[in-house]
Amino acid sequence: MKHLLHLLVFAFVFVAHAQNKKPNILFIAVDDLKTELGCYGSETVKSPNIDKLSSEGVQFNRAYCQQAICGPSRASIMTGARPETINVIDLFQDFRENRPSIVTIPQHFKENGYETVYTGKIFHGQYTDDQMSWSRKATKAKRNTNAPRTKGGYALKKNQDIYIENKKALEKKYGEKIIRENWLAKGPDTECADVPDDTYEDGYNTQTAITTLSELIKNDKPWFLGLGFKKPHLDWIAPQKYWDLYDENNIPIATQINPPKDGAAVGLSESLEVRVGANMPKTEVFSPELQRHLRHGYYACVSYIDAQIGKMVQALKDTKQYDNTIIVLWSDHGFNLGEMGYWGKATNYEVATKVPFIIVAPGVSDKVKGQKSNALVELIDVFPTLCDLAGLKKTEHLEGNSLVKLLKKPSASGAKAAFSVFPSPALREWAARPFTPPFRTTFFMPLIDKIEAKIEKQMGDKWNRDTFERFVMGYAMRTDKYRLVVWKDRRKPKEEPLYVELYDHKNDPIESVNIAKYNAKLVAKLTKQLNAEIYN
């Protein structure tokens, strides 16, 4: 009897402890993933695991990043502050240098008793904030003995050789420094190899995340685990079995192949990021066959990442962690696959700024599993949302809004608008920084001349290369019915815009025609709303 009483007391204490334990966080970041997924309505893309995740939580159909390029977008979501607030608008700015005391999402959880750890790409590049944000290192998984070693990211020797030879030829022509500093040494843009998933980084990082999870669950602390995928970012490299999911001949290509009529010439570049591949045309148009092949590669990478997400979620379930783990799936920005005649992400338009965004919140979203919200939301909303879900006090600097209301009732209204920025995309596509003088001497020189000629023709006396390269910012606002893009000299915020774009999403969801010049009153009204946000 005494023994039974002890067991009952132990069981009560165990249950009470489990109920009081803070929820864990699985934070899944995907690079360059557009909203072309099964759960977002695609009839082409195979994404069963993301689709399943959507069915178990709430999917946000109109979620927007704050700048459509890796570094600024990631710095923004991780700090819960807009790119201009933290002064990170290109790939080579460190938010810690600009705002040393700002608190990041994992840092806040770490300071509130969480074990925080990541593998893969969460922050961008070298700005991983290891000291401030993370409490430990991930435990590396054992390498698959059947996985070949890669070189330049490629598993196939023929592609490794193309990469090496292209690098040598470019260095001989332009010099090693120019090639290295501008990331011009590339092999092919695609690779299809019959290799195990963990041959490439994303597959291996998933195994590392699962290995790390097995250690986290032994600790009494709640945990925050970041798993960052680099695909479907270029290069479009994935194991053959994911390529085999698609028939290239049946892959549709973009039908909207022209820039917006009367759109800003400064708003679209010439697909430089894709063209840098060793096997890509440097100035010519992309043939339909090439477009299908590139889309095939992108879709294969999406399916490859989808499979890794499935493995990670299954590991959560196998370790009995799923029911106490909040899962957040997000992409840093979308990607144009030929829409508007552009291949890349550096724009202020819908395709690049709208992102996949799914939250599974046990105990909060259970009653609305599988529902989709059409509310306007932003990635800076993630920080305050996670604070509310985990019962943590919000930090004072946050600029987003908690989405808990929408997780309980997806049909509820959201924000009045979502905001994105991008400085002179046509002149800054490459890393969102001005083209360096040496970069202008490379094989991209004819395209850069073409870009500048277009801007000068449109802007007339307003054209000045230094101004447009260094100081012009595009401010985009997406409302329920419209997208407004205002192009300004950042030094002169009170002066009239250099150019304005307005797109009617009710009648023109693909943003094919700029109607600003025909709707002066509406432009004035929306500009007032935009200014109230960016100059508040």
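Keep in mind that this is a model prediction, so the values were computed, not measured.
- Formation of a donor-acceptor pair under 3.5 Å by the R62 side chain with backbone atoms of N374 is found in this model.
- A donor-acceptor contact closer than 3.5 angstrom links the side chains of Q107 and E111.
- Although no hydrogens or angles enter the test, the distance criterion places a donor-acceptor pair under 3.5 Å between the side chain of Q93 and the main chain of I89.
- A salt bridge links K34 with E36: at least one charged nitrogen is closer than 4.0 Å to a carboxylate oxygen.
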Verify side chain to side chain donor-acceptor pair (under 3.5 Å) between H108 and T395, making sure each step is shown before the conclusion. CA-CA 8 Å; H108 190 48; T395 57; 5.7 Å; no

For D332 and I77, run side-chain contact (heavy atoms from CB on, under 4.5 Å): C-alpha distance rounded to whole Å, both residues' side-chain angles, the deciding distance at 0.1 Å, then the answer. CA-CA 8 Å; D332 51 3; I77 186 176; over 6 Å; no

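- A salt bridge is defined here as a Lys NZ or Arg NE, NH1 or NH2 lying under 4.0 Å from an Asp or Glu carboxylate O, and D94 with R96 fails to meet this definition.
- In this structure, V45 and S42 approach most closely via the heavy-atom pair N-OG, 3.0 Å.
- Between the SG atom of C65 and the CD atom of E378 there is a distance of 10.0 Å, given to the nearest 0.5 Å.
- No donor-acceptor pair closer than 3.5 Å links the side chain of E171 to the backbone N or O of I179.
- A search for side-chain contact (heavy atoms from CB on, under 4.5 Å) contacts involving R99 returns T85, I86, I102, H397, not counting sequence neighbours.
- Remark: the backbone N or O of H333 is paired with a side-chain donor or acceptor of S331 at under 3.5 angstrom.
- The environment of K488 atom NZ is dense: over 12 non-hydrogen atoms of other residues, nucleotides or ligands sit within 6.0 angstrom.
- Distance CD/E181 to OG1/T436: 7.5 Å, rounded to 0.5 Å.
- I164 is listed as a side-chain neighbour of K151, based on a closest heavy-atom distance under 4.5 Å.
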When you look at D202 and Q308, which way does the side chain to side chain donor-acceptor pair (under 3.5 Å) test go after all the steps? CA-CA 8 Å; D202 289 321; Q308 310 318 304; over 6 Å; no

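- Here the shortest heavy-atom pairing between L376 and K416 reads CD1-O, 3.7 Å.
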Start with the C-alpha distance between Y200 and T150, add both sets of side-chain angles, then the distance that settles side-chain contact (heavy atoms from CB on, under 4.5 Å), and finish with yes or no. CA-CA 8 Å; Y200 304 120; T150 60; 4.2 Å; yes

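- Taking the six-membered ring for Trp, F444 and F439 have ring centres closer than 6.0 Å.
- More than 12 heavy atoms of other residues, nucleotides or ligands lie within 6.0 Å of CD in E284, so this atom counts as buried by the packing criterion.
- Panel note: side chain Q66, backbone F419; a donor-acceptor pair is recorded below 3.5 Å.
- F95 has its ring centre less than 6.0 Å from the ring centre of F123.
- In this structure, the side chain of E501 engages the main chain of A264 through a donor-acceptor pair within 3.5 Å.
- Residues I25 and F109 form a side-chain contact, since some pair of their non-hydrogen atoms from C-beta on lies under 4.5 Å apart.
- Of the charged side-chain nitrogens involved, none lies within less than 4.0 Å of a carboxylate oxygen, so that E339 and K354 do not count as a salt-bridged pair.
- Between K394 and D388 there is a salt bridge, with a side-chain nitrogen of the basic residue lying less than 4.0 Å from a carboxylate oxygen of the acidic one.
- Residues S73 and L379 approach most closely at OG-CD1, 4.1 Å, considering heavy atoms.
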Quick one: do I305 and L33 satisfy side-chain contact (heavy atoms from CB on, under 4.5 Å)? Show the steps, please. CA-CA 10 Å; I305 295 307; L33 181 64; over 6 Å; no

Please evaluate residues R428 and E469 with respect to the criterion side-chain contact (heavy atoms from CB on, under 4.5 Å), reporting the C-alpha separation (whole Å), side-chain torsions for both, the decisive distance (0.1 Å), and the verdict. CA-CA 7 Å; R428 280 181 172 234; E469 270 193 340; 5.8 Å; no

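- Between K121 and E201 there is no salt bridge, since no side-chain N of the basic residue sits under 4.0 Å from a carboxylate O of the acidic one.
- No donor-acceptor distance shorter than 3.5 angstrom exists from the side chain of N401 to the backbone of D381, with no hydrogens or angles considered.
- Salt bridge absent: R74 and D129 never bring a charged side-chain N and a carboxylate O closer than 4.0 Å.
- A distance of 13.5 Å separates NE2 of H505 from NZ of K481, quoted to the nearest 0.5 Å.
- Residues I28 and F229 have side chains in contact (heavy-atom distance under 4.5 Å, counting atoms from C-beta outward).
- A donor-acceptor contact shorter than 3.5 Å is absent between the side chain of Q67 and the backbone of P423.
- Under the 30°/60° scheme for interplanar angles, the aromatic rings of Y174 and F443 are found to stand perpendicular.
- In terms of modelled atom types and a separation under 3.5 Å, the side chain of D508 and the main chain of S512 share a donor-acceptor contact.
- Taking the side chain as every heavy atom from C-beta outward, N182 and T442 never approach each other to under 4.5 Å.
- Rounding to the nearest 0.5 angstrom, the gap separating the OG atom in S101 from the CE atom in M132 is 8.5 Å.
- Between S76 and V88 there is no side-chain heavy-atom pair separated by less than 4.5 Å.
- Under the 4.5 Å side-chain criterion, counting only non-hydrogen atoms from C-beta, I122 is not in contact with S133.
- Residues E511 and V351 form no side-chain contact, since every pair of their non-hydrogen atoms from C-beta on lies 4.5 Å or further apart.
- Dense packing is recorded around CZ of F92, with more than 12 heavy atoms of other residues, nucleotides or ligands lying under 6.0 Å away.
- More than 12 heavy atoms of other residues, nucleotides or ligands lie within 6.0 Å of NZ in K186, so this atom counts as buried by the packing criterion.
- Atoms CG and OH, on L234 and Y298 in that order, are 10.0 Å from each other to the nearest 0.5 Å.
- Judged as a salt bridge (Lys or Arg N to Asp or Glu O under 4.0 Å), and not counting sequence neighbours, the contacts of E350 are R478, R483.
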Just do the side chain to side chain donor-acceptor pair (under 3.5 Å) check on D130 and Y118 with the steps written out, would you? CA-CA 9 Å; D130 285 352; Y118 76 97; 3.0 Å; yes

Stepwise side chain to side chain donor-acceptor pair (under 3.5 Å) check, Y154 with D235: CA-CA 9 Å; Y154 303 99; D235 299 314; 3.2 Å; yes

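- Separation of atoms OH (Y40) and CD (Q59) is listed at 4.0 Å; rounding is to 0.5 Å.
- Residues W330 and F27 place their aromatic rings such that the two centres sit under 6.0 Å apart.
- Aromatic ring centres of W430 and F435 lie farther apart than the 6.0 Å criterion allows.
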After noting the C-alpha distance and the side-chain angles of E429 and R275, does the key distance pass the salt bridge (charged side-chain N to carboxylate O under 4.0 Å, His left out) rule? CA-CA 12 Å; E429 178 197 20; R275 289 182 183 276; over 6 Å; no

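- Partner F335 forms a ring-ring contact (aromatic ring centres under 6.0 Å, His included) with one of W343, Y342, Y349, W236 and no other, that one being W236.
- Smallest separation of non-hydrogen atoms from C70 and H233: SG-CD2, 4.1 Å.
- Distance alone, capped at 3.5 Å, places no donor-acceptor pair between the T119 side chain and the L227 backbone.
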